[in-house]
Amino acid sequence: MTESKSSRIAVVPGSFDPPTLGHLDVIRRAAGLYDELHVLVVHNPDKAAMLPIAQRMSLLEESIAAEGVEGKVVVGSWSVGLLVDYAQEVGAGVLVKGIRSQVDVAYETPMAVVNRHLAGIETVFLLPEPSHALVSSSLVRQVAGLGGDVSPYVPGAVARFLAKASANDF
Ligand code: PNS
């Protein structure tokens, strides 16, 4: 099989509001599979945002540096146009997503099919570590918003930021 350059570049898209340990698990493992990884903070109009996109990006950068894979990872953002436009712009042929449950499969499958039809971009699904399977950003937002401790579910940088933000009355 001949390998095109684009199959070695992947995009990991998501809201990352905030980044969780599940996200970091997917990013770390995807970094082991591809030569170049673009972790892309995408504005999702279906979700009420907790953190500004720039804040999510800097929390991702700090968390990725703590994983030691920052050399091959670029953190970006995308809020206008199709996700596949960004993928094509950076020469990526693959999107990587984490799949925790049948609910995620049902949500992600149509998007994967459409993205392949639109631009020939494939989607690769990674299964999470079982310890991360129940963690979601929406759960973290809810617990953090009510003043609870989210440190078991998020990277250290995110836990410190949310604790400080909560102390300052979020
Ligand atoms: O973390 P999320 O909110 O589940 O991430 C969902 C996201 C942002 C990856 C998804 O909404 C998405 O892919 N948006 C891009 C918009 C797009 O290109 N849509 C058309 C093809 S599906």
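Counting starts at 1 for both ligands and their atoms, following the listed order.
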Undergrad: Short N/O distance, under 3.5 Å, between Lys97 and ligand 1?
TA: no

Undergrad: With a cutoff of 4.0 Å, is Tyr107 in contact with ligand 1, counting heavy atoms of the residue only?
TA: yes

Undergrad: Considering only the protein, which heavy-atom contact is closest to atom 1 (O) of ligand 1, and what is its distance?
TA: Ser15 N, 2.8 Å

Undergrad: Can you check whether Lys47 reaches Ser137 side chain to side chain, under 4.5 Å on heavy atoms?
TA: no

Undergrad: Taking C-beta and beyond as the side chain, do Ser63 and Leu60 meet within less than 4.5 Å on heavy atoms?
TA: no

Undergrad: Can you confirm, on distance only, whether ligand 1 has an N/O atom lying under 3.5 Å from any N/O atom belonging to Asn44?
TA: yes

Undergrad: In terms of residue, atom name and distance, what is the protein heavy atom nearest to atom 14 (N) of ligand 1?
TA: Val42 CG1, 4.0 Å

Undergrad: Side-chain contact, heavy-atom cut-off 4.5 Å: Tyr34 with Val96?
TA: yes

Undergrad: Take His38 and Tyr86 through the test ring pair (Phe, Tyr, Trp, His ring centres under 6.0 Å) and record every step on the way to the result.
TA: CA-CA 10 Å; His38 291 255; Tyr86 177 91; 5.8 Å; yes

Undergrad: If you define the side chain from C-beta out and look only at heavy atoms, does anything of Glu36 sit under 4.5 Å from Lys72?
TA: no

Undergrad: Do any nitrogen or oxygen atoms of Lys47 lie less than 3.5 angstrom from nitrogen or oxygen atoms of ligand 1?
TA: yes

Undergrad: Tell me, which protein residue and heavy-atom name are nearest atom 16 (C) of ligand 1, and how many Å apart are they?
TA: Leu83 N, 4.4 Å

Undergrad: Please tabulate, one pair per line, all N/O donor-acceptor pairs under 3.5 Å involving side-chain atoms of residues 9-25, not counting sequence neighbours.
TA:
from	atom 1	to	atom 2	distance (Å)
Asp17	OD1	Leu51	N	2.9
Asp17	OD2	Met50	N	2.7
Thr20	OG1	Gly22	N	3.2
Thr20	OG1	His23	N	3.1
Thr20	OG1	His23	ND1	3.3
His23	ND1	Thr20	N	2.9
Asp25	OD1	Arg28	NH2	3.1
Asp25	OD2	Arg29	NH1	3.0
Asp25	OD2	Glu129	N	3.2

Undergrad: Suppose we measure from atom 21 (C) of ligand 1 to each protein heavy atom; which comes out shortest, and what is that distance?
TA: Asn115 OD1, 3.4 Å

Undergrad: Just to confirm my output: which protein heavy-atom neighbour is closest to atom 10 (C) of ligand 1, and how far is it?
TA: Met111 SD, 3.9 Å

Undergrad: Among all protein heavy atoms, pick the one closest to atom 20 (C) of ligand 1 and tell me residue, atom and distance.
TA: Leu82 CD2, 3.7 Å

Undergrad: Each residue besides Tyr107 in its hydrophobic cluster should be listed here, by chain and number; the cluster joins Ile, Leu, Val, Met, Phe, Trp and Tyr at side-chain heavy-atom distances under 4.5 Å.
TA: Met111

